[in-house]
Amino acid sequence: SQKIEQNSEALNIQEGKTATLTCNYTNYSPAYLQWYRQDPGRGPVFLLLIRENEKEKRKERLKVTFDTTLKQSLFHITASQPADSATYLCALEGNNAGNMLTFGGGTRLMVKP
Amino acid sequence: KAGVTQTPRYLIKTRGQQVTLSCSPISGHRSVSWYQQTPGQGLQFLFEYFSETQRNKGNFPGRFSGRQFSNSRSEMNVSTLELGDSALYLCASSLEGGQRTQYFGPGTRLLVL
């Protein structure tokens, strides 16, 4: 069955360091992979989208890589700040799936000052 | 532009009752998706509506239903509530034509007693 795995353990890092979050998937051939941020009690907020034929995408301090051979995406936040503390969710969408996203369980990031 | 709005924000029901949740998408967005989020199962896709038609459906029992109106507003209904239906119900809207980003509302927190 299709599975999307994110590290369920919280990731604790020091302010200023680079945070790296992992999203692995099996039995899936996504056309798109998205990353969202979710704060407690709020809905997810879109951050970045990367297509299956793209290797890397950047936006300000954020960088996403997508390796369809390894079936893995890495999400990096450089020069992390305490305000980056949140849960980060990866979501996959297949071809012709409309807007049906399948989400991973999310990884909680804690950036300590 | 106003974001996605959901009403009510909080709801307490008892087992066996039914509930209707409402979602108003961002102006101009024609696709509305519904998700259920629980600590154990994470964020799970319920269904997606586009132009008043259900386009995709997740793996939920028939007690979960929805509809979309001509102004793109959507409602979801859960009948014969069970304790396990306690969750955060999120609505997300998006454009069509290759725009894959989903914009989430704040959610409705449902507690079933």
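Letters A, B, ... mirror the listed sequences (proteins, then strands); counts begin at 1.
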Verify same cluster id: B:Phe47, B:Val19 (apolar side-chain graph, 4.5 Å): yes

Pairwise side-chain contact, A:Gln38 with B:Phe104, heavy-atom cut-off 4.5 Å (strictly under): no

Among B:Arg109, B:Gln41, B:Gln37, residue most engaged with chain A (heavy-atom pairs, under 4.5 Å): B:Gln37

Sub-4.5 Å side-chain heavy-atom contact between B:Ser33 and A:Leu101: no

More than 12 heavy atoms of other groups within 6.0 Å of A:Glu60 CD: no

Heavy-atom pair of closest approach, residues A:Pro44 and B:Leu43: CG-CD2, 4.0 Å

Heavy-atom side-chain contact between A:Val45 and B:Tyr103 under 4.5 Å: no

Gap between atom OG1 of B:Thr101 and atom OH of A:Tyr36 - 0.5 Å precision: 6.0 Å

Atom NZ of B:Lys57 with >12 non-hydrogen neighbours under 6.0 angstrom: yes

Step-by-step ring pair (Phe, Tyr, Trp, His ring centres under 6.0 Å) determination, B:Tyr35 to A:Phe103: CA-CA 10 Å; B:Tyr35 294 83; A:Phe103 282 85; 5.6 Å; yes

B:Arg15, CZ: over 12 other non-hydrogen atoms inside 6.0 angstrom: no

Same apolar cluster (I L V M F W Y, side chains within < 4.5 Å links), A:Ile50/A:Phe46: no

Other residues, nucleotides, ligands: >12 heavy atoms within 6.0 Å of B:Asn59 CG: no

